[in-house]
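Reviewing the structure listed below.
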Amino acid sequence: MNMIKGIKGVKDILPEETSRWRLIEETARRWADLYGFREIRVPIFEVTELFARSIGTSTDIVEKEMYTFQDRDGTSLTLRPEGTAGTVRAYIEHHRAADPTPQKFFYSGPMFRHERPQAGRLRQFHQFGVESFGMADPRADVEVIALLWRILSDLKLPSLTLEINNLGSTEDRAAYRPRLTEFLRTVAGALCANCRRRLDTNPLRVLDCKVPGCRAETEPAPRLADSLSDPARTHFADVLSGLDSIGIPYRLNHRLVRGLDYYCLTTFEVTSAALGAQNAVGAGGRYDGLVEALGGPPTPAVGFAMGLERIALMLPQTAYPSSSRSPVVYVAGFGVSGAPAGFSALEELRLAGIPAVADFRATSLKSHLRQADRLAVGFTLIIGDDEVDKGVGILRDMNTKNQYGVSLTSLCGDVSSHIRGS
RNA sequence: GUGGAUGUAGCUCAGUUGGUCAGAGCGCCGGAUUGUGGAUCCGGAGGUCGCGGGUUCGACACCCGUCAUCCACCCCA
């Protein structure tokens with residue numbers, strides 16, 4: 001029989017790892033809460049066209065990375081490759097624009113992209129993200145960036161850098177693009193093969209190329225910053241001064257270009273030197289045109305997404321609680337009358353709100369105590385045949401080795417008073 | 001999609017130019033301790049050497065193919 005294995009690039013998160021995942025998710029939720037974002041849960045699959053229209057048809061994600069399949073009626077559906085599209089769709093569909101309160105959402109969950117797996121890159125991965133709708137004010141950008149920074153800082157992730165850039169308005173970029181393309185043609189011979197191809201498809205990305213030769217050649221390229229309209233400049237200046245005013249450190253990076261088509265004005269990315277090649281921990285930006293492009297009212301918006309497994313990868317060991325003995329009672333019931341009495345006691349403790357465990361494989365007291373030790377419980381309740389005869393169990397403190405008699409008829413009260421006393 | 005590295009016990013890994021090389025440590029189960037955990041000692045279970053071909057008297061080792069994993073390119077969170 002063939003072993004059925006997990007899908008390439010899709011990982012199990014085992015119990016040993018879930019505590020660090022909880023820490024990450026709970027930290028993110030707590031801060032999002034503090035900043036007035038409310039949780040939204042949108043489907044993990046949508047009509048394919050939603051992603052094609054929002055992310056951009058010429059992006060790698062849409063061109064070759066989507067998990068797309070046909071529904072029974074022939075409709076093309078896609079497993080979400082990111083969270084913004086679905087959130088925007090829900091925002092429009094439920095007429096949230098008509099709600100007078102701020103429409104600020106956060107989400108958390110799996111995303112799917114058919115890429116070659118490597119360190120920090122999986123086919124099913126998890127993102128936590130936020131979207132802030134309706135506010136064109138630069139303080140909305142700052143608020144979102146601050147939230148991202150606060151979450152990552154709270155998690156004490158090492159060597160973080162926040163990079164930020166101004167992409168200008170859609171019109172600014174349209175005006176800049178031919179100027180850049182014109183320049184790039186003059187140095188095309190010295191660029192890498194990928195960049196020569198990108199010259200036509202997405203010239204802005206050439207600026208973001210990591211090949212040293214390309215970087216050197218494009219150094220004298222005309223800068224987008226020089227083609228920006230006054231409103232775009234002012235907006236960006238206000239974002240930067242906003243970050244300054246609340247103490248968020250950043251670095252300007254005029255080469256920073258996000259991969260998704262919908263970004264405009266502010267774009268940002270937090271990277272860590274502690275990761276491998278895939279070093280982006282979180283990223284986002286403003287996407288003022290997207291809601292309208294998807295059939296909603298003109299709506300300014302900003303958001304970010306962060307990669308949960310990348311954070312899990314770099315979360316310091318000290319960040320989550322070490323395994324000290326927990327206030328759990330292991331019930332060691334053994335012998336012809338002790339085993340059933342132990343099983344009843346186990347349930348009794350649980351109903352009284354006392355965490356209790358047992359290993360039904362163990363038959364001797366020795367093997368029970370070994371399991372209790374492995375499970376790192378604080379106490380073991382020993383119930384053998386002798387105890388049943390006397391109507392008294394033995395509660396053993398696993399740290400001090402002290403043992404106390406507890407009445408089997410008033411078990412929970414006796415046990416909990418000893419637990420509290422320790 | 002492209003490249004490189006690696007696949008031997010549950011885990012981490014040895015295995016010398018092909019000739020008792022099917023091994024160690026940890027873990028697991030049991031015993032020493034007939035009802036008291038962690039330490040020590042002793043014993044035991046556990047492997048189609050990723051898979052399929054080929055070369056050879058003989059392959060865990062060499063060759064070819066294949067699959068998987070990891071890392072990098074690309075791209076991105």
Side-chain angles (χ1 to χ4, degrees), chain A residues 1-3 5-11 16 24 28 55 59-65 80-84 108-129 148 152 192-195 197-198 202 205 208-211 256-260 268-272 275-285 303-314 325 330 332-335 338 359 361-387 394-403:
Chain A
M1 190 178 77
N2 282 352
M3 246 297 268
K5 306 223 302 224
I7 299 165
K8 182 198 282 280
V10 177
K11 287 206 173 171
E16 291 74 23
I24 295 166
I55 298 165
T59 57
D60 277 17
I61 293 177
V62 172
E63 272 183 352
K64 52 196 185 197
E65 294 177 0
R80 64 181 184 193
E82 51 95 57
T84 299
S108 184
M111 307 293 165
F112 306 85
R113 288 169 15 191
H114 190 104
E115 296 187 274
R116 193 74 172 265
Q118 75 181 78
R121 192 174 75 183
L122 300 173
R123 288 186 175 178
Q124 174 173 335
F125 59 103
H126 298 78
Q127 287 188 337
F128 177 93
L148 173 61
L152 299 177
C192 70
N194 269 308
C195 283
R197 181 177 50 78
R198 282 194 286 232
N202 195 348
R205 289 218 62 86
D208 202 28
C209 184
K210 279 133 199 139
V211 176
L256 182 67
V257 179
R258 308 264 71 248
L260 285 55
F268 55 91
E269 180 173 86
V270 176
T271 57
S272 170
L275 285 170
Q278 307 300 320
N279 64 355
V281 182
F304 73 72
M306 53 189 223
L308 265 31
E309 22 286 277
R310 287 182 188 177
I311 292 172
L313 226 44
M314 54 197 288
R325 290 193 185 277
Y330 180 98
F334 59 103
D359 185 332
R361 296 169 304 183
T363 51
S364 65
L365 179 56
K366 185 188 182 74
S367 56
H368 269 127
L369 281 167
R370 187 162 49 226
Q371 288 309 116
D373 186 50
R374 281 195 183 119
L375 292 166
V377 299
F379 297 87
T380 299
L381 177 62
I382 298 168
I383 304 177
D385 293 347
D386 297 352
E387 285 71 28
I394 300 170
L395 186 68
R396 178 179 174 87
D397 184 320
M398 295 301 279
N399 288 314
T400 63
K401 296 185 176 183
N402 290 336
Q403 300 193 155

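Proteins get letters first, then strands, A, B, ... in listed order; numbering begins at 1 in each. Note: hydrogens, waters and symmetry copies are ignored here, and every other heavy atom, side chains too, is used. Bear in mind the structure is a predicted one, so any value in this text is a computation, not a measurement.
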How long is the line joining CZ of R123(A) and C1' of U69(B), in whole Å? 13 Å

At less than 3.5 Å, do the side-chain atoms of R310(A) and the base atoms of C76(B) form a donor-acceptor pair? yes

Contact under 4.0 Å: K11(A) side-chain N or O vs C70(B) OP1/OP2: yes

Regarding G38(B), can its base be found pairing with the side chain of K401(A) as donor and acceptor, where the two atoms are less than 3.5 Å apart? yes

Does the structure show a Watson-Crick or G-U wobble partner for U40(B), both distances under 3.5 Å? Name it, or say none. A32(B)

Is the phosphate of U69(B), meaning OP1 or OP2, less than 4.0 Å from a side-chain N or O of R116(A)? no

Can you find a side chain N or O atom of K366(A) that sits less than 4.0 Å from OP1 or OP2 on G37(B)? yes

Tell me: CD of E115(A) to P of G3(B), nearest whole Å? 19 Å

What's the gap between G31(B) and A45(B) when it is taken at their C1' atoms, as a whole Å value? 14 Å

Does OP1 or OP2 of A72(B) have a side-chain N or O of Q118(A) closer than 4.0 Å? yes

Could a donor-acceptor pair under 3.5 angstrom be found where the side chain of R396(A) meets the base of G37(B)? yes

Scan G284(A) against the nucleic acid and name what it touches under 4.0 Å (heavy atoms): base, sugar-phosphate only, or nothing. nothing

N or O in side chain of R121(A) less than 4.0 angstrom from A72(B) OP1/OP2: no

Please tell me if K8(A) has a side-chain N or O lying less than 4.0 Å from either OP1 or OP2 of U69(B). yes

Identify, between Q127(A) and K64(A), the residue whose nearest nucleotide on RNA chain B lies closer to the 5' end. K64(A)

Given that N279(A) and D385(A) both sit by RNA chain B, which one's nearest nucleotide is further toward the 5' end? D385(A)

Of the listed nucleotides A72(B), C76(B), C70(B), the one nearest the side chain of A119(A): A72(B)

Base G35(B) to side chain E387(A), donor-acceptor N/O within 3.5 Å cut-off: yes

Using the ring of each side chain (for Trp, its six-membered ring), is F304(A) parallel, tilted or perpendicular to F268(A), with breaks at 30° and 60°? perpendicular

For C29(B), does the base pair up with any side-chain atom of R361(A) as donor and acceptor (N or O, under 3.5 Å, distance only)? no

